[in-house]
Amino acid sequence: MSHCLSPIIDPTMPIMPDEQLSDLQRAIATKVVLQPLEQLPRFVVGVDAAYAPDRVGGGTVACGAAVVIDTSSFEVVEQATATNHKMLDYQPGFLAFREAPVLLEAIAKLRRRPELIVCDGQGIAHPAKAGLACHVGVALDVPTIGCAKNRLVGEHETVDQNRGDSQSLQLTETDGTSTSVGAAVRTRDHVKCVFVSPGHMVDVPTSVAHVLALAPQFRLPETTRAADQLCRAALAGHEGRSK
DNA sequence: GCGACAG
DNA sequence: ATCTTGTCGC
């Protein structure tokens, strides 16, 4: 019954040591493909998750949402949700193991096959270059972009205050060399930047361009906003009961 | 020992 | 992420 659709990790599996999880992330990073995605697809998927205490089990309930946005109108044309109860605790650098399973389940319920997925978190702007967006992209072999509200790793120069301004996120490797893993992007004048990085089958420049196109009015992409709204509503619907 | 630290 | 009211501003 509770089969997990995630080829990455089963949320019900026994606790795995951080070292082993890091190995998995390095393996995923190996599969990430960085290449331009010149055209923004007409339909873009947004995913996000919300959490709440589980009144019955005493643990935590996670609700994941996947929405399909028509970029010609920014309307939601399709949506799906999924929930699970046993997930790992949040640890910086390991978000994907907690969040990806329920997101993949929600995505699997969509009728259409995603052409591009925008995730609420990092892509390769990650200690092992395998953030949430990479996990999702590699698992489905679909282009993904990570658009996070906060920085995890990497440094950047001061970003000018107008929409469209950006600075590359530079990550210093263990060998001392520096690599661009993403960008701090201003999607609204005088408003805090978002942190954009490729998840899979996109590159930094096209990721930035697409996030800007998807966030014409607010700080966050419409995909993220719609998914956030949906998973919160769905979570509320799952409250007061369990199983 | 003291910070930093996606959601 | 989640806990939480009012409040300043367009």
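Here the structure is a predicted model, which means the values were calculated and not measured. Computed over heavy atoms, backbone and side chain alike; hydrogens, waters and symmetry mates excluded.
- Annotation for A128(A) and A29(A): closest pair O-CB, 3.3 Å, computed over non-hydrogen atoms.
- Dense packing is recorded around CG of N162(A), with more than 12 heavy atoms of other residues, nucleotides or ligands lying under 6.0 Å away.
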(request) If a protein heavy atom is under 4.0 Å from the base, mark B; if only from the sugar-phosphate, S; if neither, -; do that for nucleotides 2-7 of chain B going 5' to 3'. (result) --SBBB
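- At least one side-chain heavy atom of D141(A) sits less than 4.5 Å from a side-chain heavy atom of M201(A).
- Between C134(A) and I124(A) there is a side-chain heavy-atom pair separated by less than 4.5 Å.
- For E157(A), the CD atom counts as loosely surrounded, since its 6.0 Å shell holds 12 or fewer non-hydrogen atoms of other residues, nucleotides or ligands.
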(request) Determine, for nucleotides 4-10 of chain C in 5'-to-3' order, which nucleotides have protein heavy atoms under 4.0 Å from the base (write B), from only the sugar-phosphate (write S), or from neither (write -). (result) -------
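- With respect to L132(A), the side chain to side chain contact (heavy atoms under 4.5 Å, CB included) criterion is satisfied by exactly one of V47(A), D120(A), L95(A): L95(A).
- Of all non-hydrogen atoms in R163(A) and P216(A), the two that sit nearest each other are NH2-CA, 4.0 Å.
- A perpendicular orientation is assigned to the rings of F97(A) and H135(A), their planes being inclined by more than 60° (bins at 30° and 60°).
- M16(A) is listed as a side-chain neighbour of L24(A), based on a closest heavy-atom distance under 4.5 Å.
- Residues H156(A) and F195(A) have side chains in contact (heavy-atom distance under 4.5 Å, counting atoms from C-beta outward).
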(message) What does the 5'-to-3' dot-bracket notation of DNA chain C look like when only Watson-Crick and G-U wobble pairs under 3.5 Å count, and pairs to other strands show as |?
(response) ..........
